[in-house]
S.K.: 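One structure follows; several queries about it will come next.
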Amino acid sequence: MLTQTPKGTKDILPIESYKWQYVESQIAKVCANFGYKEIRTPVFEHTELFQRGVGDTTDIVQKEMYTFLDKGNRSISLRPEGTAGVVRSYIENGMSSLPQPVKLYYIISAYRYEKMAKGRYREFHQFGVETFGSKGPSIDVEIISLIKQLFDSLGLKDVGLNINSIGCPICRKEYNQKLMDYFRPSLDKLCGLCNNRFERNPLRIIDCKEEKCKTITAGAPAILDNLCEECSTHFEGLKKGLDNLGIVYNVDKNIVRGLDYYTKTVFEFISENVGTQGTICGGGRYDGLVQACGGPSTPAVGFAIGIERLLMEMESQGVPIPPQKEIEIYIATIGETSDTYAEKLIYDLRKRQIPAEKDLLQKSLKAQMKYADKLGAKYTVVLGDDEVKNNRAVLKNMKNGEQAEIALDNIHDEIINRR
Ligand code: ATP
Ligand code: MG
């Protein structure tokens, strides 16, 4: 136990972490081009925030949250997703008085007590975007196009986009009646949770993963066929906007998304490579959320991408990831004088952005050279007392074996000139 990570968590080791850094840097670049600024919120929040913000009819809140009482007897939960915390921050920091729309992004760890499966962990990571203050479909198009540009910049191809609309409280009220009429005769065949949903939020029944419920929901009326005029115009605007950018999508009447607060647009990016559910990204509009959490009525739209699944997709598609910066020069030393000299030398090289290493284990010269080779150093220099005294040394190119005598105090330029 002591030497194992808790179930559902894992270390990100150096052989993987450079890939994360690469993805995160691409995210930051794309977000900057789109005018999105980073927000960082706490890993834990008051449990009520998620009950309200994610919705207490969701699986996340009902089954998956890491909730505990802190020493002050407050109910605290680890964030199961990023939106609720950002909405809390938007309200708490009075962001409604900033120029609108407010465009934010985050890269976070999130926590859900889930059954383990491929691409499904208990600690996982999300890149998400939230925008506030714009109600028309063009910002929905903008965030989808941001995802498209991120995928393009990572070299990903053919990640399917499904879109749908789940209407607003006005059209959903009428639709809910239709749904209830549809489900009422089969209530005894639906799972316990769906019976509960039937009373509180029948639309969520459509999202149930239980086989017996899926069979029944297959014939249920679709919200997309029951939109009010405003919602249907919004959906047309979304499709037109995507068409205009040449972004290919598929309308899927069955996406309702797991979260309670969605209105109008919902969308997913999916791929077979990332596990059973196949979702890389889920997003949509949640015009009612800010108000439901105690803020001013504010339209909002966002998404979250699972970074583990994004990396799985990159791996499956075999997209190239730039390698880690290699050690450029290894200074091998013989004796104390040269070792002291080398200490200062690598300090100066590093200061000038040249990755440099020297021996730290008092290895023999032979062992040092072997180590330099393992590190993949491009150049080596062997320093003995003579080299230090005469300020001359032999710079060896490890890739092609070329050797050149150089002035030691000019080593930086010698390396830079060879790049
Ligand atoms: P799923 O259908 O896979 O359960 P979800 O609907 O619960 O996903 P969201 O809450 O919309 O997912 O989260 C957005 C994204 O976060 C998902 O599309 C997925 O990429 C990622 N994600 C969600 N849960 C996990 C998890 N347990 N492990 C890894 N990634 C996850
Ligand atoms: Mg889930």
Side-chain angles (χ1 to χ4, degrees), residues 1-6 9-29 107 109 123 125 154-155 307-308 311 314-315 318-419:
M1 289 287 269
L2 183 67
T3 53
Q4 277 177 4
T5 63
T9 67
K10 59 181 176 150
D11 300 316
I12 301 169
L13 299 172
I15 46 164
E16 292 291 326
S17 60
Y18 77 97
K19 301 179 188 169
W20 286 73
Q21 289 175 350
Y22 170 65
V23 168
E24 286 162 9
S25 70
Q26 293 303 110
I27 289 171
K29 274 187 210 158
I107 298 174
S109 59
E123 180 184 63
H125 298 79
L154 294 171
I307 301 182
E308 283 83 358
L311 284 161
M314 290 166 66
E315 184 99 38
V319 302
I321 295 178
Q324 275 171 295
K325 208 169 179 185
E326 280 177 2
I327 287 301
E328 206 153 347
I329 178 154
Y330 184 89
I331 316 281
T333 54
I334 311 166
E336 215 169 292
T337 314
S338 75
D339 193 70
T340 309
Y341 185 91
E343 237 162 47
K344 178 72 165 62
L345 194 57
I346 59 166
Y347 181 73
D348 292 339
L349 284 163
R350 289 165 172 173
K351 207 193 263 178
R352 294 183 60 171
Q353 316 298 322
I354 298 173
E357 286 284 344
K358 70 177 267 297
D359 171 54
L360 295 166
L361 292 177
Q362 291 164 314
K363 288 194 195 92
S364 69
L365 182 59
K366 197 173 154 205
Q368 288 184 56
M369 296 313 281
K370 225 168 145 179
Y371 181 62
D373 202 43
K374 279 211 181 105
L375 288 178
K378 269 190 231 156
Y379 298 99
T380 54
V381 154
V382 180
L383 293 192
D385 290 349
D386 282 352
E387 280 78 7
V388 173
K389 201 165 71 199
N390 303 328
N391 187 34
R392 308 290 301 170
V394 174
L395 183 71
K396 181 172 176 190
N397 182 324
M398 298 295 278
K399 303 266 147 79
N400 60 17
E402 262 172 34
Q403 306 202 6
E405 201 184 293
I406 58 160
L408 264 184
D409 60 7
N410 196 35
I411 192 166
H412 320 90
D413 294 338
E414 295 285 357
I415 291 169
I416 288 166
N417 291 340
R418 285 173 169 78
R419 273 182 180 165

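Residue numbers count from 1 along this sequence. These figures come from a predicted structure and were not determined experimentally.
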S.K.: What is the distance from atom CG of Leu360 to atom CD of Glu343, rounded to the nearest 0.5 Å?
M.R.: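 Taking CG in Leu360 and CD in Glu343, the distance rounds to 8.5 Å.
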S.K.: Between the main-chain N or O of Asp359 and the side-chain N or O of Tyr330, is there a donor-acceptor pair closer than 3.5 Å?
M.R.: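 Yes.
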S.K.: Check whether Gln4 reaches the backbone of Met1 with its side chain - one donor and one acceptor, N or O, closer than 3.5 Å.
M.R.: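 Checked: no pair found.
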S.K.: Show the numbers, then the answer: is there a side chain to side chain contact (heavy atoms under 4.5 Å, CB included) between Tyr18 and Lys325?
M.R.: CA-CA 9 Å; Tyr18 77 97; Lys325 208 169 179 185; over 6 Å; no
S.K.: Is it true that atom CD of Glu315 has more than 12 heavy atoms of other residues, nucleotides or ligands lying nearer than 6.0 Å?
M.R.: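 Check fails, neighbour count at 12 or below.
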S.K.: Can you tell me how far CD of Glu308 sits from NZ of Lys10, rounded to the nearest 0.5 angstrom?
M.R.: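 The distance works out to 5.5 Å.
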S.K.: How long is the span from the CG atom in Asp339 to the CG atom in Leu383, to the nearest 0.5 Å?
M.R.: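 If I round to the nearest 0.5 Å, the distance is 9.5 Å.
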S.K.: Among Leu395, Val394, Thr380, whose side chain to side chain contact (heavy atoms under 4.5 Å, CB included) with Gln403 holds?
M.R.: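 So the option named by the test is Val394.
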S.K.: Taking all atoms of both residues into account, what is the closest heavy-atom pair of Glu387 and Gly384, and its distance?
M.R.: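 In terms of heavy atoms, the two residues are closest at OE1-N, 3.0 Å.
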S.K.: Can you list the steps and then say if Ile321 with Met314 is a side chain to side chain contact (heavy atoms under 4.5 Å, CB included)?
M.R.: CA-CA 9 Å; Ile321 295 178; Met314 290 166 66; 3.9 Å; yes
S.K.: Check step by step if side chain to side chain contact (heavy atoms under 4.5 Å, CB included) holds for Trp20 and His125.
M.R.: CA-CA 10 Å; Trp20 286 73; His125 298 79; 3.6 Å; yes
S.K.: Nearest heavy-atom pair of Ile346 and Ala356: which atoms, and what distance?
M.R.: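 Nearest pair, atom of Ile346 first, then Ala356: CG2-CB, 3.8 Å.
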S.K.: Can you list every pair that meets salt bridge (charged side-chain N to carboxylate O under 4.0 Å, His left out) and has a residue in residues 393-407, with sequence neighbours left out?
M.R.: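 Non-adjacent pairs meeting salt bridge (charged side-chain N to carboxylate O under 4.0 Å, His left out): Glu326-Lys399, Arg392-Glu405.
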S.K.: Working to the nearest 0.5 Å, report the span between CD1 of Ile329 and NZ of Lys358.
M.R.: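 Here the rounded value is 13.5 Å.
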S.K.: Taking all non-hydrogen atoms of both residues into account, name the closest pair between Ala332 and Leu365 and its distance.
M.R.: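 Of all heavy-atom pairs spanning Ala332 and Leu365, the closest is CB-CD1, 3.7 Å.
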S.K.: Can you name the closest pair of heavy atoms from Pro355 and Gln353 and give their distance?
M.R.: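 Reported closest heavy-atom pair: CD-O, 3.5 Å.
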S.K.: Search all heavy atoms of Tyr341 against all heavy atoms of Val388 and return the closest pair with its distance.
M.R.: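 Closest approach of Tyr341 to Val388: CD1-CG1, 3.7 Å.
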S.K.: Would the distance check show the side chain of Asn410 and the main-chain N or O of Asp413 forming a donor-acceptor pair, the cut-off being under 3.5 Å?
M.R.: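 Flag not set: sc Asn410 to bb Asp413 has no pair under 3.5 Å.
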S.K.: Measuring from Thr333:OG1 to Leu345:CG, what's the distance to the nearest 0.5 Å?
M.R.: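 Taking OG1 in Thr333 and CG in Leu345, the distance rounds to 11.0 Å.
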S.K.: For Lys389, does the NZ atom have more than 12 heavy-atom neighbours from other residues, nucleotides or ligands under 6.0 Å away?
M.R.: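 Not more than 12 within 6.0 Å, no.
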S.K.: At what distance, to the nearest 0.5 angstrom, does CE of Met369 lie from CE of Met398?
M.R.: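 The distance works out to 4.5 Å.
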S.K.: Side chains of Lys370 and Lys363, heavy atoms from C-beta outward: is any pair under 4.5 Å?
M.R.: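 Contact flag for Lys370/Lys363 side chains = no.
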S.K.: Test Lys378 against Ile415 for side chain to side chain contact (heavy atoms under 4.5 Å, CB included), laying out the working first.
M.R.: CA-CA 10 Å; Lys378 269 190 231 156; Ile415 291 169; over 6 Å; no
S.K.: So, for Asn391 and Asp409, which heavy atoms are closest and what is the spacing to 0.1 Å?
M.R.: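 The answer is OD1-N, 2.9 Å.
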S.K.: Ion pair present between Asp348 and Lys344, side-chain N to carboxylate O less than 4.0 angstrom?
M.R.: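 Answer for the salt bridge query: yes.
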S.K.: Is a donor on one side and an acceptor on the other found under 3.5 Å between the side chain of Ser338 and the backbone of Ile334?
M.R.: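 Yes, because the side chain of Ser338 sits within donor-acceptor range (under 3.5 Å) of the backbone of Ile334.
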